[in-house]
Structure formats: C-alpha cells, structure tokens
2 protein chains.
Amino acid sequence: MQPLYEQVRASLIESISGGQWRPGEAIPSEAELAAGFGVAIGTLRRAVDSLVADQVLVRRQGKGTYVVQHDAPRQMFHFFHVASRDGAREHPAVHTVSFRRDRADAAEAASLDIAPAEKVVRIRNVLSLQGRPVLLDDITLPAPLFPGLTEKAFTSRANTIYQLYQSRFGINVLRTDERLRAVMPSADVAALLQIAAGKPLLEIRRVALTFRDRPVELRVSHVDTTDHHYHNTLGKGMPA
Amino acid sequence: MQPLYEQVRASLIESISGGQWRPGEAIPSEAELAAGFGVAIGTLRRAVDSLVADQVLVRRQGKGTYVVQHDAPRQMFHFFHVASRDGAREHPAVHTVSFRRDRADAAEAASLDIAPAEKVVRIRNVLSLQGRPVLLDDITLPAPLFPGLTEKAFTSRANTIYQLYQSRFGINVLRTDERLRAVMPSADVAALLQIAAGKPLLEIRRVALTFRDRPVELRVSHVDTTDHHYHNTLGKGMPA
DNA sequence: AAGTGGTCTAGACCACTAG
DNA sequence: TAGTGGTCTAGACCACTTC
C-alpha cells in the first residue's frame with residue numbers, strides 16, 4: 001500500500017497537470033485541502049512539501065500556496081546554467097534562425113519516446129550574452145504536444161521558453177537530463193556563432209521531462225566557452 | 001530566533017564534524033536524541049530529515065540512522081558524473097602520475113580561500129575506463145588540512161578519494177561547485193590521455209566544499225569525450 | 001480581526017530488523 | 001520480543017498578509 005501522503009501528492013499533481021489550478025494561481029488552503037482529502041493537516045503538508053521541493057508549488061506565508069510560474073527569474077535560471085567568467089548570470093537575447101516542421105529521425109524518436117518519423121517542430125536559436133553570440137540551440141519538439149505552435153509565438157517570448165510551454169500548452173518542465181561533451185564545430189555552427197573553425201565548443205544534449213518523466217523537448221546546444229562556462233553545483237539544494 | 005529544528009540540525013552537525021560519531025557508525029536513536037535535546041520526536045526527525053537530504057546521514061529502517069560513508073558505491077557516483085555512451089557508469093582505474101608539495105598560486109589561493117603561497121599538495125591522476133585513459137585529474141589540496149598525506153596513502157585507495165579524506169582527515173565533502181568548458185589540450189595532457197593534438201577536451205574545474213561551505217579541494221579535470229560524456233540531471237532528487 | 005502558512009508537541013500505530 | 005525508523009493524527013500557538 002502506498003503511503004497516504006504519496007496518494008495525496010499524486011492527486012495534487014493530477015489537479016495541476018489537468019489544468020484545474022493554473023500557473024500563478026493559489027491552490028486551496030491547507031485546511032480546506034486536508035478536509036477535502038480526509039487527512040490530517042500534517043499529512044497534507046507533507047505532500048505539499050514534496051511538490052515545493054520539486055519546484056511545482058511555492059508557498060507564500062500569510063497568503064497561500066501557488067502553482068509555480070516559469071517566467072519568474074529564478075525559474076529561468078533553474079535550467080540555464082551558462083555563466084560568464086566572473087560567475088554572473090545574464091538573461092540571453094534570443095534570435096530565431098529557423099523554424100520548420102519535419103519528421104523525427106530514429107535517434108530523436110528514441111530520445112523523445114515517440115514513434116519513428118513522428119511529426120516534429122525544429123527551431124534553431126542563437127542566444128547572445130553581452131551582445132555577442134555565445135550559444136546555439138537546436139530544439140526539437142513533438143508536434144502533437146504543441147498544437148498550433150507558430151514561429152511568432154516562439155520568437156515573441158523566446159527568452160522564457162518553458163513559460164511558453166506551460167502557459168500555452170499546459171506542459172510543466174520539471175526535470176532535465178543533460179549530456180555534455182567537447183566537440184569541434186561544424187561549418188554552419190561556427191558561422192552562426194562567429195567563431196574560428198579551430199575553436200572547440202561545449203555540446204549539451206538535453207532532454208526536458210514533465211510529470212512521470214515524460215520527455216517533451218530535445219535540445220542540442222553548442223556553447224562558445226571562451227568567456228563563459230557551464231556552472232553546476234552538486235550535493236545540496238538548487239544553485240542560487 | 002532560529003527554528004528549533006535548525007538548532008538541532010546545527011548541533012547534530014557539530015557532533016558529526018567534530019568526530020563524535022564516526023562515518024559508518026549509528027547515531028543514537030531518535031527517541032534518545034529527542035529526549036537529549038528536550039524536543040518532540042517530530043522536531044528531531046525534521047532535523048534528521050534535512051541531513052538525510054544533504055547526504056550526511058542515512059536511515060535504515062529497523063536498524064538505526066548512520067553517518068554516511070563515502071566508499072559506498074552510490075556515494076562514489078554522487079560526485080563522479082562521467083558515463084559512457086550508453087549511459088553506464090563504471091569505476092575508473094586510477095594511476096597516479098605525480099605527487100608533490102608546492103605553494104599555491106594566486107588563483108588557487110582564491111579558489112581554496114587560503115593565504116597566497118600557502119603550502120599545497122599537488123596530485124596528478126590518470127583515470128581509465130574500460131582500460132583506456134579517459135580523464136586527467138589535477139588535484140590541489142591545502143597541505144594543513146591533510147597532515148601526513150603521502151603518495152602511498154593516496155594511490156592505495158585512490159578510487160575513493162573522498163572516502164580517504166573522510167576516514168583519514170575527518171573531512172566530509174558535502175558539495176562541489178563545478179565549471180565546465182571546452183578546451184584544446186596542452187601537449188602534456190594530450191600525451192597522458194594518448195590523444196591527437198587536435199581533439200577537444202571537456203575541462204571541469206571543481207571546488208569541493210565541506211561544512212559551512214569551506215573549500216577543501218581544487219580539482220581540474222580534462223575529459224576525452226569521444227566515447228564518454230558528463231551526465232547531469234537538473235530539477236529533482238539525486239541522479240541514480 | 002480573519003485567514004494563511006510555519007513551528008512544535010504528544011502520542012498511536014505500522015513495518016522492518018535482529019536476537 | 002524488543003528496538004528501530006516510518007506514517008498519521010489532532011491540536012496549540014506563532015508569524016505574516018490583507019482588510
């Protein structure tokens with residue numbers, strides 16, 4: 001038998017991912033929820049605690065508990081780990097190079113857990129920091145999950161992409177799985193990042209996951225690490 | 001005023017970092033501890049919970065709560081994120097190339113928060129996976145923290161270095177701060193990793209921290225990512 | 001003053017481990 | 001059977017926000 005607080009947690013997730021409580025909205029008070037589920041308030045709090053730890057909910061003392069919104073600055077940097085030499089993080093300026101619809105290849109289908117040759121949307125973005133191109137993102141999205149997605153919707157608010165996924169398509173990115181390697185740039189990548197051909201790049205292959213570890217986005221990034229680096233903290237709470 | 005459970009947590013940390021309970025040993029039962037601190041058992045549990053989350057303690061139902069030992073396999077991989085192409089992780093074979101005493105340069109002193117020109121120990125290790133050299137570690141340690149450290153002690157159990165820090169010098173590595181870049185190898189690095197000069201490497205600059213975020217080790221790694229990658233999971237509990 | 005989340009208590013009962 | 005951690009309850013009181 002599953003513990004009660006796990007069942008309550010699962011039930012809360014249903015309500016959130018089902019759109020019953022929208023991002024930015026407050027969920028009912030702890031007393032109400034506990035009464036509704038027929039559990040003690042301590043048990044309800046334990047379920048909420050775990051969702052707060054997973055960044056799905058945020059508590060605001062004296063006000064209520066809210067569904068997180070991904071456009072908040074600290075949500076933004078939760079998944080953006082590129083920092084400049086002095087450790088400062090900055091919002092990148094995003095420029096969309098291309099936006100088109102295609103079919104998934106075998107590797108992509110495997111990564112995204114979709115059928116081979118499933119329809120996908122491909123977006124290529126150049127991200128600039130301090131006015132210089134530093135990062136090239138190649139994003140692949142399963143088309144069925146993003147109905148009616150247009151380039152315009154993407155570019156108009158592209159610096160908070162996960163917020164777009166959440167507000168327009170009800171998709172909460174909770175976790176990402178990243179693999180990093182050092183590579184030599186291809187010609188087109190070098191051109192877009194305006195670098196010499198002999199300069200190595202950091203390649204990040206990221207799969208973004210939502211509830212139940214379902215993949216929703218594949219993103220391959222190439223980073224010019226001349227003046228920037230990828231920052232990672234292991235062993236405790238989130239990086240600041 | 002600090003919450004009670006925070007005070008209890010701080011007190012527990014004192015007992016652990018002070019060597020009162022040694023790694024691998026069980027701490028007193030929750031009932032005993034609660035009585036000793038004069039708090040409710042729920043409050044004591046909350047303090048213990050946070051230390052379990054920080055990987056300082058582990059609970060074993062029916063047996064007791066133990067101070068973490070860093071030689072456990074899952075502790076090993078907590079800070080070793082290099083995996084092969086298929087995602088499998090493997091214990092590296094370690095070969096010590098050099099071991100010598102020196103003085104810290106300015107950058108190292110800043111990273112380790114020690115006086116300029118402080119005595120340090122420098123170790124250079126080559127780590128092999130599947131019989132091939134994949135990783136070159138350049139480790140810098142503040143000598144005063146590691147009295148009597150010899151090459152022999154290091155090499156004899158070098159595949160669990162943090163366990164050595166813990167068992168011999170009472171230093172618990174709790175957190176690491178890593179910065180990743182793509183670089184071209186210097187001649188000596190290329191030679192030790194047996195790679196061509198034109199092949200890019202992943203550079204990892206890691207500072208290891210103990211209680212109160214005190215730095216205890218600086219490690220610069222160079223990784224041949226031809227058949228391996230650096231694996232990172234963001235947004236939830238520890239990677240498996 | 002009313003409503004919210006945050007802390008703390010005291011105790012019951014369950015699940016697991018060991019002798 | 002005894003001892004440990006794991007779950008769950010019911011309620012008191014505090015701190016913060018809003019009206």
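As a basis for the values below, the full set of heavy atoms in this structure was taken, side chains included, without hydrogen atoms, waters or symmetry mates. Below, read A as the first sequence line, B as the second, and so on, with proteins coming before strands; counting in each chain starts at 1.
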What is the separation between atom CD on B:Q2 and atom P on C:dG6, rounded to the nearest whole Å?
17 Å
For a quick test of reading the model: is some side-chain N or O of B:T43 closer than 4.0 Å to OP1 or OP2 of C:dT9?
yes
Measure from CG on A:L44 to P on D:dT7 and round the result to the nearest Å.
16 Å
Mind calculating the distance between CG (A:D49) and P (D:dC8) to the nearest angstrom?
14 Å
Residue mapping more 5' on DNA chain D - nearest nucleotide basis, B:R60 or A:R60
B:R60
Whole angstrom is fine here: how far is it from CZ in B:R46 over to P in C:dC8?
7 Å
Could you state the atom-to-atom distance from CD of B:Q7 to P of C:dT7 in whole Å?
12 Å
Presence of salt bridge, A:R45 and A:E30, under 4.0 angstrom:
yes
Sugar-phosphate, base or nothing in reach of B:R45, heavy atoms under 4.0 Å
base
Does A:Y230 have B:R179 sitting over its ring (NZ/CZ under 6.0 Å from centre, angle to axis within 45°)?
no
Check the phosphate of C:dT7 against B:Y5, side-chain N and O only, distance under 4.0 Å to OP1 or OP2. Yes or no?
yes
The Watson-Crick or G-U wobble partner of C:dG19, with both key distances under 3.5 Å, is none
For C:dG3, does either OP1 or OP2 sit under 4.0 Å from a side-chain N or O belonging to A:S29?
no
Can B:D137 and B:R206 be counted as an ion pair, charged N to O under 4.0 angstrom?
no
Using whole Å, what does the distance between atom C1' of nucleotide D:dC13 and atom CD1 of A:I41 come to?
13 Å
Judged by nearest nucleotide, the residue sitting upstream toward the 5' end of DNA chain D, A:Q61 or A:L4, is A:L4
Please report the distance, rounded to the nearest Å, between CG in B:L33 and P in D:dT4.
10 Å
Tell me whether the NZ or CZ atom of B:R89 lies within the 45° cone about the ring axis of B:F80 and under 6.0 Å from its centre.
no
Separation of C:dT4 atom P from A:K63 atom NZ, nearest Å, is 14 Å
Select base, sugar-phosphate, or nothing to describe what B:E30 touches, counting heavy atoms under 4.0 Å on all strands.
sugar-phosphate
Salt-bridge criterion met for B:D54 and B:R9 (N-O under 4.0 Å)
yes
